Amino acid sequence: MRRKTKIIIGSPIVIAVLALIYWQNNTPSTMNQSTIATPQSDYYFKNIKIRQFNSEGNLENQLNAQLMEHFASKNLSIMETANIIFYPQEKTNNAQQLTQNTWQVSAAKGEFDHLRNQLTLDKKIIMREIVQTQPPQKSQPEISIDTSHLNVDLNRQIAENQVAVTIKNEHSLTSAIGMQIDFKRSQLKLKSQVSGEIYTND
Amino acid sequence: QTNTWHFKSDETQTDLKNNTTIYLGNVVIFDNFRKLSGDKILLKSTPQSKDKQTYSEFEIFGSPAHIEQKDSLSQSIEQLSATSIRYNINENKITAKENIHLIKHQSAQQSFEVKGNILTILQQPTYQLNVTGNPLTLNIAQIDGEPIVITADHLTYSEANNLIKLNGNIVMLRDNAKASAHQLSYNLQTQILQMSKFPDKQIEIIQSTQN
């Protein structure tokens, strides 16, 4: 067989083999996890504080997170160790406003939808009333909320879900399906199939 | 000492400001000796700074509101129903209003029933019952026959001395007999009944046979 023919037949085979070897070395299982083509955050912050004020200039809420990564494609941010503080809006003229019900809700994970101004909290959700000082006193009784997720509407200052939830505080341990917290009115509602334990000092 | 109650209800609403929770719809709250039930039960928990305790008070509404108490052998010793009942756990005090119906089982021989408008039970240091009605009706079970039925304005009962005392517009009915008086006392243990026609004046004693 002439040498030129050999080259014509052989070179595609060689190229194919080389391509195969390259493809095998670059399949996802072997590539480093972080370089998998996850959507790329366009910016991120560390130890961020986002404060929102109402039309009269009163501080309505403050969103804090140790890490916040923003994804332009979805216009949402993923947050780690996040918490939101809701400030009461009753008309008071002095610092006493802070002593009214200021609520803080914290969680290990959070997702913030910038468009709808809605925060979805997940994992280790803790709710606590903040009294006088900042940062919140540790001694203030906690309300731990165990649920798969909790949607917090920052505009209406209402947190809500329709799934199984377990709430524990110093007086009770309660399970239910579906909950709603109205931070403005300091009201917690459990929607159905409620059961649990109450602790009293007899 | 911390006591654990178990509960079920259709839904709840908690006022986080005032530590008040309303349990709504088919509400049952129970521990080993007591069972509260109603359409709506309100629980108010008030932390006491002085002794770090939490004072808890149940307010039961229903058709009717109901409390049942059992002894350590799970025998029913008391059943109370009314339009509304308030139960203060720490003071061990029960107050009830309207359509009151109390069934008290002291023992096989000693049980009675009361219907009235306003009731108070203090369970500490000893059991004290206070009922008013217009009139109230007292029904004392008798082993040997018809119960004694008495109507009156006011009733007290003390477990310490087993004595039921009645005051005001008393009418007693039994075996077709009827007697009216101003004051009456009945000892649940000895089953001795004393009546007086006018205040502080004794006229007759009716004793039912023991055997």
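Hydrogens, waters and symmetry mates are skipped; everything else that's a heavy atom, side chains included, is used. Note that the structure is a prediction, hence the values are computed from the model and not measured. Below, read A as the first sequence line, B as the second, and so on, with proteins coming before strands; counting in each chain starts at 1.
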*Does the side chain to side chain contact (heavy atoms under 4.5 Å, CB included) test come out yes or no for A:Met127 and B:Leu16, once each step is laid out?*
CA-CA 11 Å; A:Met127 193 172 124; B:Leu16 298 166; 3.3 Å; yes
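- In this structure, OH on B:Tyr23 lies 11.0 Å from OG on A:Ser195, to the nearest 0.5 angstrom.
- Separating the NE2 atom in B:His6 from the CG atom in A:Leu173 is a distance of 10.5 Å, to the nearest 0.5 Å.
- In this structure, A:Thr200 OG1 and B:Asp31 CG are separated by 7.5 Å, a value rounded to the nearest 0.5 Å.
- Nearest heavy atoms, A:Asn201 versus B:Ile89: O-CG2, 4.4 Å.
- Remark: A:Tyr44 OH is loosely packed, at most 12 non-hydrogen atoms of other residues, nucleotides or ligands lying under 6.0 Å away.
- Residue B:Phe58 touches chain A through its side chain alone, counting heavy-atom pairs closer than 4.5 Å.
- We find the CE-OG1 distance between A:Met179 and B:Thr14 to be 9.5 Å, quoted to the nearest 0.5 Å.
- With a 6.0 Å radius and a threshold of 12 heavy atoms from other residues, nucleotides or ligands, B:Lys93 has its NZ atom at or below the threshold.
- Counting heavy-atom neighbours within 6.0 Å of A:Lys168 NZ, excluding the residue itself, gives a total above 12.
- In this structure, the side chain of B:Asn3 does not engage the main chain of A:Tyr199 through any donor-acceptor pair within 3.5 Å.
- Annotation: maximal heavy-atom pairing with chain A below 4.5 Å, among B:Lys8, B:Glu11, B:Glu91, occurs at B:Glu11.
- Each of A:Gly196, A:Ser172, A:Ser192 has some count of heavy-atom pairs under 4.5 Å with chain B, and the biggest count is that of A:Gly196.
- If you tally non-hydrogen atom pairs under 4.5 Å between each of B:Val28, B:Asp10, B:Thr12, B:Asn26 and chain A, the highest count goes to B:Thr12.
- Taken from CZ in A:Arg185 to CD in B:Gln13, the straight-line distance is 8.0 Å, to the nearest 0.5 Å.
- If you measure heavy-atom distances from A:Ile143 to chain B, the contacts under 4.5 Å come from the side chain alone.
- Note that CD of A:Glu170 is 8.5 Å distant from OG of B:Ser45, once rounded to the nearest 0.5 Å.
- Taking the side chain as every heavy atom from C-beta outward, A:Thr174 and B:Phe7 approach each other to under 4.5 Å.
- Residue B:Ile22 does not touch chain A at all, counting heavy-atom pairs closer than 4.5 Å.
- Residues A:Gln187 and B:Asp15 have side chains in contact (heavy-atom distance under 4.5 Å, counting atoms from C-beta outward).
- Looking at B:Asn19, only its side chain comes within 4.5 Å of chain A, counting heavy atoms on both sides.
- Contacts between B:Ile29 and chain A at a heavy-atom distance below 4.5 Å involve the side chain alone, from C-beta outward.
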